[in-house]
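Each ligand, and each atom within it, is numbered from 1 in the order the structure gives. Just so you know, residue 1 is the first one in the sequence shown, and it goes up from there.
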Amino acid sequence: MLIINGILASRPTSDGSILESTAVREARERLSSAQNLLNTQNSNKRNHEDDLTRDYGADDVFRTLKGQCINLDSGEYNYELCWMDKVQQKSKKGSGSQNMGVFSSFASEMVDEEQKPDGKGLGSGERVVMNYENGSHCWNGPERSTKVVLGCSEKEEVWRVSEEEKCVYRMEVGTPAVCVDAAALGGEGKDKEKKVGERDEL
Ligand code: MAN
């Protein structure tokens, strides 16, 4: 009865394996699942802590875009930009795809272009750049890399992609994330030091 109720261990089997009571076994299983949960939670906590040290641009605006992807269908390829993650070149003929770089850093670039009539262009001024590097190796060339240059736009969209040198790509992309809030530019905002991620084209 004590064995059935889990208080005593059953007698060892011929190979001598069962030597603990049901109560002990269940307690050990509970401990082990609590330890697994603790390990998972600790690893989630470490991931969140690492994430907090990552650069998400001025005011962390790109944090909300992380995990989202946008595409452009262009000639032979479909290009896909996944914010804070990677850029890909997918062949429309086969299933092949090339990694055009993984997100590495923010930078900025001065551009000077005529405004496009449809608004889908960089215009002129200092623009936020996201560098994506260390993509798939290019035959007789470097690891693929992409400079993503951002312009203000009502919605996220890839405007154009060019291959400036072999396997070195430039992607022009519109996003509301780099639009300056007109109200924020009034008063003290006007003289505020400009950070990467802010624009002054108003
Ligand atoms: C693929 C594409 C091109 C690239 C060549 C280099 O065809 O990734 O963009 O120029 O490889 O071999």
Exercise. For ligand 1, which atoms have a heavy atom of Cys138 less than 4.0 angstrom away?
Worked result: 6 (C)
For this session: Compute the shortest N/O to N/O distance between Tyr169 and ligand 1 and return yes if it is under 3.5 Å, no if not.
Result: yes
Exercise. Under a 4.0 Å N-O cut-off, is there an ion pair linking Glu172 with Arg160?
Worked result: yes
Problem set entry | Backbone or side-chain N or O of Trp139 under 3.5 Å from ligand 1 N or O | no
Seminar exercise, completed: Ranked by distance from atom 5 (C) of ligand 1, the top protein heavy atom is Arg144 NH2, 3.8 Å
Exercise. Hey, what do you get for CD (Glu80) to CD (Gln89), rounding to the nearest 0.5 Å?
Worked result: 12.5 Å
Exercise. Is the Phe106 ring parallel, tilted or perpendicular to the Phe62 ring (thresholds 30°, 60°)?
Worked result: tilted
Seminar exercise, completed: closest protein heavy atom to atom 2 (C) of ligand 1 is Gln89 OE1, 3.2 Å
Exercise. Does any N or O atom in Tyr77 lie less than 3.5 angstrom from one in ligand 1, N or O only?
Worked result: yes
Problem set entry | N-O pairing of Arg170 and Glu109 below 4.0 Å | yes
Exercise. Which residue supplies the protein heavy atom nearest to atom 10 (O) of ligand 1, what is that atom called, and how far is it?
Worked result: Glu163 OE2, 2.6 Å
Exercise. What's the spacing between Leu122 CG and Met110 CE if we round to 0.5 Å?
Worked result: 12.0 Å
Problem set entry | Minimum-distance protein heavy atom relative to atom 12 (O) of ligand 1 | Lys166 CE, 4.0 Å
Problem set entry | No-hydrogen, no-angle side-chain donor-acceptor test under 3.5 Å, Glu133 and Ser145 | no
